[in-house]
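Here's the structure we're looking at; comments come further down.
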Amino acid sequence: MAELLNIALPKGRLGEKVYGIFEEAGFPCPSIRENSRKLIFENEEAGVRYFWVKPSDVAIYVERGAADVGVAGKDILLEYRPELYELCDLGIGKCRMAVAAPKGFRDDPMKTLRVATKFSRIAREFYASKGRDVELIHLNGSIEIAPILGLSDVIVDIVETGTTLKENNLEVIETVLPISARLIANRSSFKFKGAAIDRIVRAIDGGAK
Amino acid sequence: MNNPFGALTGEERAIFTLRSLYARYGYQPYRMSKFEEYDLYVRNKDFLVSDSVITFNDTSGRLMALKPDVTLSIIKNTKDGDGTLSKLYYDENVYRVSKNSGSFRELRQVGLECVGDTGMQEVGESLWLAASSLSALGGDFVLDVFHLGLTEAALSLFPEEARPAALNCFFEKNAHELAALSADCGLSDENAEALRSLVSLSGPVKDVMPELDEIALRLGAGDSAKELAGVLTVFEGSELGERVHIDASVLGNMKYYNGVVFKGFLRGIPASVLSGGQYDRLMTRMRRTSRAVGFAVYLDELEGLTGERSPYDADVLLLCPPSAKPALVRAAEEKLIGEGYSVFAAKKPDPDLRARRVADLSESGEVIFRG
């Protein structure tokens with residue numbers, strides 16, 4: 001039996017879109033579309049095994065070889081810096097990493113800026129590149145309430161539509177970087193399953209054109 | 001039959017295999033102390049895989065380090081500039097932060113260094129031994145090779161401040177971001193296309209070399225491509241050569257490395273298990289006139305290759321009456337061992353011990369298997 005290509009998909013709507021791309025690239029696994037609580041799906045004929053994982057965990061699965069390829073947001077790749085190949089920008093899951101603050105906020109350069117974020121590394125590097133002195137406050141969720149409750153002056157977070165910010169009386173004051181979903185591959189798997197991985201890359205590049 | 005090597009762990013077998021391989025090519029064993037003055041490492045911190053070092057003060061107050069690396073010590077202790085070669089191999093524990101666990105670990109590392117008047121022949125031999133090491137460790141392997149002269153030529157197209165980002169694109173095979181960076185930095189379409197091809201370049205030497213030659217000419221790095229091709233002739237007529245790939249994602253810190261660099265992968269292991277290259281620049285930084293090439297095999301990464309643990313602790317659990325004389329027990333054990341079994345002799349069964357078969361030792365010394 002030929003070796004299966006292991007693909008880690010991010011759970012959720014983005015993952016379903018991504019599966020569609022892989023299916024078109026010649027790696028179908030119809031059982032994945034069945035409504036079930038299963039997390040692993042195989043199609044030996046197509047030589048593929050899919051599994052759903054938490055979006056922020058995809059890069060770990062790929063870096064450590066449990067998955068040969070996967071799809072992860074650029075935010076996760078920049079925050080955790082896993083050692084892997086980033087082969088394609090899928091052009092989906094587009095959003096941006098941004099600095100947001102309460103409406104009317106004015107930065108006082110004489111004070112240390114208090115920044116609440118889930119993305120400490122990205123925020124640290126962003127402010128370091130500007131030479132701005134900051135105090136980073138690492139949070140794991142509900143970042144938007146930090147400035148409202150006086151925990152921080154601003155937040156650095158992912159912004160899709162901006163609705164959540166608006167509802168919490170916040171606004172984007174600066175874009176840190178654009179984000180989209182990337183096809184990533186394990187460095188070792190690329191050596192041994194390169195032909196299959198290349199087929200996916202070509203299908204995505206072809207689709208993009 | 002009893003196989004004395006069967007008792008070796010996967011790591012021990014790998015060490016035995018590699019040491020005998022290197023010894024066959026005339027490499028001499030190199031032993032070093034567990035400790036080295038911290039100063040040696042702090043001056044070359046970027047050369048280390050991890051910049052965290054365990055330090056302590058020795059009895060005379062000197063700041064010492066548990067060695068995180070072997071190469072620096074070898075350079076320090078080999079003769080310099082007399083036109084000869086020092087060919088050394090080592091099998092040492094090093095102490096560094098493991099990328100996986102994020103904490104300090106004692107890691108076993110085997111490697112070799114060739115220091116002195118090194119040239120194409122020595123670099124070729126080093127590549128040959130790297131490929132042979134991977135082959136000897138078993139299974140399918142790929143040895144990725146590249147020439148940093150090409151990487152440097154590619155980076156020189158970018159302004160200084162954009163080079164780290166461009167280098168990262170090479171490391172990640174990130175053609176789309178390299179294309180965007182090329183456009184931002186105003187590179188010509190021809191140069192941007194050459195870089196896009198270079199960053200994606202990966203495959204067996206004979207398939208990829210013609211394209212590499214073309215790109216190298218475009219980048220003005222024809223000499224580097226020629227040098228790489230020359231060194232790779234070491235694999236002519238050998239099956240090992242089929243597993244040697246050219247890949248532009250192989251990098252090394254360019255403050256230390258130059259010329260040919262390489263990384264080895266084994267099927268089933270998610271990270272590279274071997275890394276090496278020419279490090280003439282490190283030699284210069286350490287005020288040496290000699291040149292050098294070498295590589296290390298990371299044995300901690302090989303744990304993934306170790307076969308499954310036997311479901312049994314011993315082949316035979318030999319239950320002996322408490323009154324049995326020691327000589328009787330020993331004779332029964334020797335008989336079973338002679339028949340190829342491993343034996344665990346005890347007076348009563350241990351529920352945690354897993355034996356393939358259970359036997360009783362009679363008062364007369366007879367071994368009676370149950371079931």
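As the structure is a computational prediction, the values presented were derived from the model and not from experiment.
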Chain B contacts, top residue of A:S189, A:A185, A:C88, A:G194 (heavy-atom pairs, under 4.5 Å) =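 Most heavy-atom pairs within the cutoff with chain B belong to A:C88.
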task = Give a yes or no on whether A:F22 atom CZ has more than 12 heavy-atom contacts from other residues, nucleotides or ligands under 6.0 Å away.
result =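 Atom CZ in A:F22 is crowded, with more than 12 foreign heavy atoms closer than 6.0 Å.
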query = Taking atom CD of A:E160 as the centre, does the number of heavy atoms from other residues, nucleotides or ligands within less than 6.0 Å exceed 12?
reply =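 No.
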Reported [atom1]-to-[atom2] distance for the pair [X] and [Y], which is rounded to 0.5 angstrom:
X	Y	atom1	atom2	result
B:H176	A:L90	NE2	CG	9.0 Å
A:R187	B:D247	CZ	CG	8.0 Å
A:Y85	B:S200	OH	OG	11.0 Å
B:C169	A:E86	SG	CD	8.0 Å
A:L84	B:N174	CG	CG	10.5 Å
B:R267	A:F192	CZ	CZ	6.0 Å

inquiry  = Quick check: closest heavy atoms across B:P270 and A:S188, and the distance to 0.1 Å?
reply    =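 Heavy atoms of B:P270 and A:S188 come nearest at O-CB, 3.5 Å.
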query = Under 4.5 Å between any side-chain heavy atoms of A:F190 and B:K173, yes or no?
reply =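 The answer is yes, as the side chains (C-beta and beyond) meet within the 4.5 Å cut-off.
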A:R182 with B:E177: basic N within carboxylate O range, under 4.0 Å = yes
task = Determine the option with the most heavy-atom pairs under 4.5 angstrom with chain A, choosing from B:S202, B:G203, B:S249.
result = B:S249
ask   = Between B:F171 and chain A, which part of the residue has a heavy atom less than 4.5 Å away: side chain, backbone, both or neither?
value =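 Both backbone and side chain.
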ask   = What part of A:L87 lies closer than 4.5 angstrom to a heavy atom of chain B: side chain, backbone, both or neither?
value = both
